[in-house]
Amino acid sequence: MTVIQVYTAFRSGTFAERSAARIGLAAAVVLLRLPFRHTARVVRFARRFGRRPLTPGHAEELVAAVRYVGRRWPVRIACMESSLGAVLAAAILRRHLTWCLGARFTPPPVEYHAWAELPGHGPVGEYTEGGWHHHTALSI
């Protein structure tokens, strides 16, 4: 995914969702500067807060809210930051999303990607019309 695809110009989500998105994205930017084992530990801990399920529409709005918030950040906000920000924002709202890291091997070249996934639904906020060709390497 390119950086341009991550940003959205459309304001999405309620005030609470955008606020959670700001906090989640800020935490994601900080966490991704740490060794990955610490980031994974925090995500596992944050998932304990989010026990209530998200609806697919609500999950799409939350991911879009994170991307909307990230459009004016002075640091790089790509798939890793936005997906982790969405997972943490969901935890702040006492909901849960799954954070997935993986790769796509066909068509070449190999593409590494991170995305938020709704259990039982699949990737959230991703283009899946042509099928989902990414293989999950880690799911938290």
Side-chain angles (χ1 to χ4, degrees):
M1 173 177 279
T2 62
V3 175
I4 293 172
Q5 292 173 322
V6 170
Y7 298 112
T8 181
F10 300 106
R11 187 174 172 175
S12 179
T14 63
F15 177 76
E17 290 169 346
R18 287 193 308 274
S19 298
R22 281 186 186 90
I23 296 168
L25 191 58
V29 168
V30 171
L31 284 172
L32 290 174
R33 302 290 187 267
L34 300 175
F36 188 74
R37 66 179 185 275
H38 298 303
T39 304
R41 186 175 299 151
V42 169
V43 172
R44 285 188 186 106
F45 183 74
R47 285 200 48 171
R48 293 182 188 168
F49 291 110
R51 300 228 179 241
R52 293 187 298 177
L54 274 170
T55 63
H58 193 192
E60 295 278 346
E61 284 188 12
L62 189 59
V63 170
V66 170
R67 290 178 179 164
Y68 176 78
V69 167
R71 78 192 190 293
R72 291 189 185 237
W73 280 61
V75 296
R76 176 183 176 263
I77 304 295
C79 61
M80 193 89 149
E81 291 84 2
S82 66
S83 60
L84 180 58
V87 169
L88 295 174
I92 290 168
L93 296 172
R94 298 192 156 282
R95 310 286 180 166
H96 95 257
L97 285 172
T98 302
W99 189 40
C100 298
L101 305 175
R104 184 196 71 197
F105 298 103
T106 56
V110 174
E111 176 189 78
Y112 301 101
H113 189 49
W115 64 94
E117 188 171 286
L118 188 62
H121 181 262
V124 178
E126 303 287 338
Y127 178 75
T128 58
E129 294 293 323
W132 187 246
H133 304 289
H134 289 78
H135 300 277
T136 304
L138 176 67
S139 177
I140 303 174

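R67 contributes atom CZ, which lies 12.0 Å from atom CD1 of I77 (distance to the nearest 0.5 angstrom). If you take CG on L101 and OH on Y112, they are separated by 12.5 Å, rounding to the nearest 0.5 Å.
Within the structure, salt bridge (Lys or Arg N to Asp or Glu O under 4.0 Å) pairs that include any residue of residues 81-100 comprise R76-E81 (at least two apart or interchain). Among pairs with a residue in residues 39-48, none fulfils salt bridge (Lys or Arg N to Asp or Glu O under 4.0 Å), at least two apart in sequence or across chains.
Taking both residues in full, the closest heavy atoms of A86 and V63 are given as CB-CG2, 3.9 Å, listed atom of the first, atom of the second, then distance. Residues S83 and A116 share a closest heavy-atom pair of CB-N, 3.8 Å. Nearest heavy atoms, G85 versus A28: N-CB, 3.6 Å. In this structure, V110 and A103 approach most closely via the heavy-atom pair CG1-CB, 4.5 Å. For R22 against W73, the heavy-atom pair with the smallest separation is O-CZ2, 4.0 Å. The shortest non-hydrogen separation linking L93 to A16 is CD2-O, 4.1 Å.
In this structure I92 satisfies the side-chain contact (heavy atoms from CB on, under 4.5 Å) test together with A20, I23, sequence neighbours excluded. Applying the salt bridge (Lys or Arg N to Asp or Glu O under 4.0 Å) criterion to E17, with sequence neighbours excluded, gives no partner residue. Partners of P53 under the side-chain contact (heavy atoms from CB on, under 4.5 Å) rule, at least two apart in sequence or in another chain, do not exist in this structure. The ring-ring contact (aromatic ring centres under 6.0 Å, His included) search around H121 returns none, not counting sequence neighbours. In this view, R104 and P107, E111, H133, H134 satisfy the side-chain contact (heavy atoms from CB on, under 4.5 Å) rule, not counting sequence neighbours. Listed by chain and number, the residues in a side-chain contact (heavy atoms from CB on, under 4.5 Å) with P109 amount to none (sequence neighbours excluded). A search for side chain to side chain donor-acceptor pair (under 3.5 Å) contacts involving E117 returns W115, not counting sequence neighbours.
Grouping the Ile, Leu, Val, Met, Phe, Trp and Tyr side chains by contacts below 4.5 angstrom, directly or via other members, places V66 with V29. Under a hydrophobic clustering in which Ile, Leu, Val, Met, Phe, Trp and Tyr are joined whenever their side-chain heavy atoms come within less than 4.5 Å, directly or via other members, F49 and L84 fall into different clusters. When the side chains of ILVMFWY residues are joined at heavy-atom separations under 4.5 Å, either directly or via intervening members, V43 and L118 end up in a single hydrophobic cluster.
Side-chain contact between V87 and I140: absent, with no pair of heavy atoms (C-beta onward) separated by less than 4.5 Å. Contact of the H96 side chain with the P119 side chain is registered, since non-hydrogen atoms from C-beta on lie closer than 4.5 Å.
Cluster note: V30 groups with no other residue, as no ILVMFWY side-chain heavy atom lies under 4.5 Å from it.
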